[in-house]
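See below for the structure under consideration.
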Amino acid sequence: MVEIDCKGLACPGPVLKAKEVVETQRPPTIRVIVDNSAAKENVSRFLGTQGYDICVETAEGSFCVIGTKKGEDIKEPLARENTKEAGKKILVFITSRTLGHGDERLGNALMLNFLKTLKELPNLWRIILLNEGVKLASDEGESIAVLKELEQSGVSILVCGTCLSYYNLIEQKKVGETTNMLDVVTSLGVADSVINIT
Amino acid sequence: MGLERADDAGVYLINDDLAIIQTVDFFTPIVDDPFYFGQIAAANALSDIYAMGGIPKTAMNLVAFPINQMDISILKEILRGGIEKLKEAKAVLVGGHSIEDRELKYGLAVTGFVHPKRLLTKRNLIPNDLLILTKPLGTGIVATAVKAQLAEERLVRVVQETMAELNKRAAEAMASFEVHACTDITGFGLLGHLSEMVEGSGKSVELWAEMIPVFEGVEALASMGLIPQGAYRNRDFRKGMVEFAGDVPLWLQDVMFDPQTSGGLLIAVSEQHAQPLLQELIGRGISYARIIGKVLEDPSQLIYVRKNG
């Protein structure tokens, strides 16, 4: 068991001390003594994310946060990237509801066919839906089922949150992860090639 | 305006067509870059005028500076940042006052104009109004992570830029819609400021936690306990007014109490004007604006936080 005394330390000090001990020693039990309730709560939150069960003892003028490891290290890094990591990364960037600009019915049908055929594209890494493209993930059309299938096969689908808000479609979104411009720009930079559908 | 209920600034009626709004705000540095600190302090001070529906006209600097420990060029950069924001706001710097102090502080006193009929307060929530928040939450948590040297540089940059952004464009967007009440989100956090609106109006509110804009990356920082003490103080003060549904994650509850610096406007707008106003805000480049909740008839003055709408 390891005990650390963090009395007299203001936030984020106690969390930092606990973090250092957890990372270097990985103790099965850790006791952290703090003297203010914000530090008590913060240390509890931190140990909670590190796979410890938490119990707090209150003494006069101080708290002792006790963490006990819940079996083997359960914490795994967030696996968001798909399995095609090793190969080339192809990004399909869709900013329109239809494929091409002409007759709307034709454009809709072509877009659906395009999405259905995307599974034939090797190394398809990510699809980003922006502007009217977000409607492909949120209206009643058949595109939703097709996108869901792609998502299940490991393709990441990002849908612009600002666009969903603008078109009042947040609650209608049925597939993909809501994203922001920072993710969009980063994805464009990380991709080996970008296919642009405007 | 009386003082019995909280509001964003002082208001003095001059005649039937004109009232002045006065406000003052200053604090210690929250970012390392002095030019940014100046901009953020000014954006924060100007914000109260915008939240009340006014237009800032004049401003005065307030400076406390440790002249013996710090180079005067730092002060120059801070003031340059402040002036830059005043220019953007089309307000005039008419003077100021500085003292020597051990700890650096900067802020402004600002005076604005408003037509008395266009004055927006916190006290006028009307049942079925929708609530729009115009900036993401999490600046206090990010500042704590900066102290711990655990904040990603990219996140710090985004937060810094957002804090320096004036609420001017949001205020201009509001002007042509049926807005009933407004405030700006600062030290009491979203739930603290919303509590004041709820108390002032005698209504209740439902919030949809997952709709609330939060800076990307804050979830991880909040989960690991990088929460500023002020967030817990805000929570302890207001917990009697807030009911969280069981499935609202703890980190998001913490974020909703996180004290903000130069946060966004929280706007109560009629149901039929909410979506058009949201589009106007996004169209003006306020891309994080979201509809986050709704005003209820319920007179018990509570805030019910559900996971989604």
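Bear in mind the structure is a predicted one, so any value in this text is a computation, not a measurement. Chain identifiers are assigned alphabetically (A, B, ...) following the order of the sequence lines, protein sequences preceding nucleic acid strands; residue numbering begins at 1 within each chain.
- Using a 4.5 Å cut-off between heavy atoms, Ile291(B) makes no contact with chain A at all.
- Note that the OH atom of Tyr288(B) and the CE atom of Met181(A) stand 9.5 Å from one another [nearest 0.5 Å].
- Atom CG of Leu182(A) and atom CZ of Phe215(B) lie 11.5 Å apart (nearest 0.5 Å).
- Of all residues spanning residues 263-284 of chain B, those with a heavy atom less than 4.5 Å away from chain A's heavy atoms are Gln275(B), Leu278(B), Gln279(B), Ile282(B), Gly283(B), arranged by number.
- Atom CE in Met224(B) sits 7.5 Å away from atom CG in Leu16(A) (nearest 0.5 Å).
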Might you work through the side chain to side chain contact (heavy atoms under 4.5 Å, CB included) test for Phe46(A) and Leu226(B), ending with a clear yes or no?
CA-CA 8 Å; Phe46(A) 170 69; Leu226(B) 295 171; over 6 Å; no

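- Counting non-hydrogen atoms of neighbouring residues, nucleotides and ligands closer than 6.0 angstrom, the OH atom of Tyr167(A) exceeds 12 such neighbours.
- Side-chain N or O atoms of Ser287(B) include none that pairs as donor or acceptor with a backbone N or O of Thr162(A) at under 3.5 Å.
- Pairing each heavy atom of Ser165(A) with each of Ala289(B), the nearest pair is OG-O, 4.0 Å.
- The candidate with the highest count of non-hydrogen atom pairs below 4.5 Å against chain B, out of Asn168(A), Ile170(A), Val15(A), Asn36(A), is Asn168(A).
- Legend: salt bridge (Lys or Arg N to Asp or Glu O under 4.0 Å) pairs involving residues 33-47 of chain A, not counting sequence neighbours, sorted by first then second residue: Glu41(A)-Arg45(A), Glu41(A)-Arg235(B), Arg45(A)-Asp254(B).
- Looking at Gln229(B) and Cys11(A), their side chains never come closer than 4.5 Å, going by heavy atoms from C-beta outward.
- Residues of residues 153-171 of chain B having a heavy atom under 4.5 Å from any heavy atom of chain A, listed by number: Arg154(B), Val158(B).
- Within residues 188-198 of chain A, no residue approaches chain B closer than 4.5 Å by heavy atoms.
- Ranked by heavy-atom pairs under 4.5 Å with chain A, the list Gly225(B), Ala222(B), Ala145(B) is led by Gly225(B).
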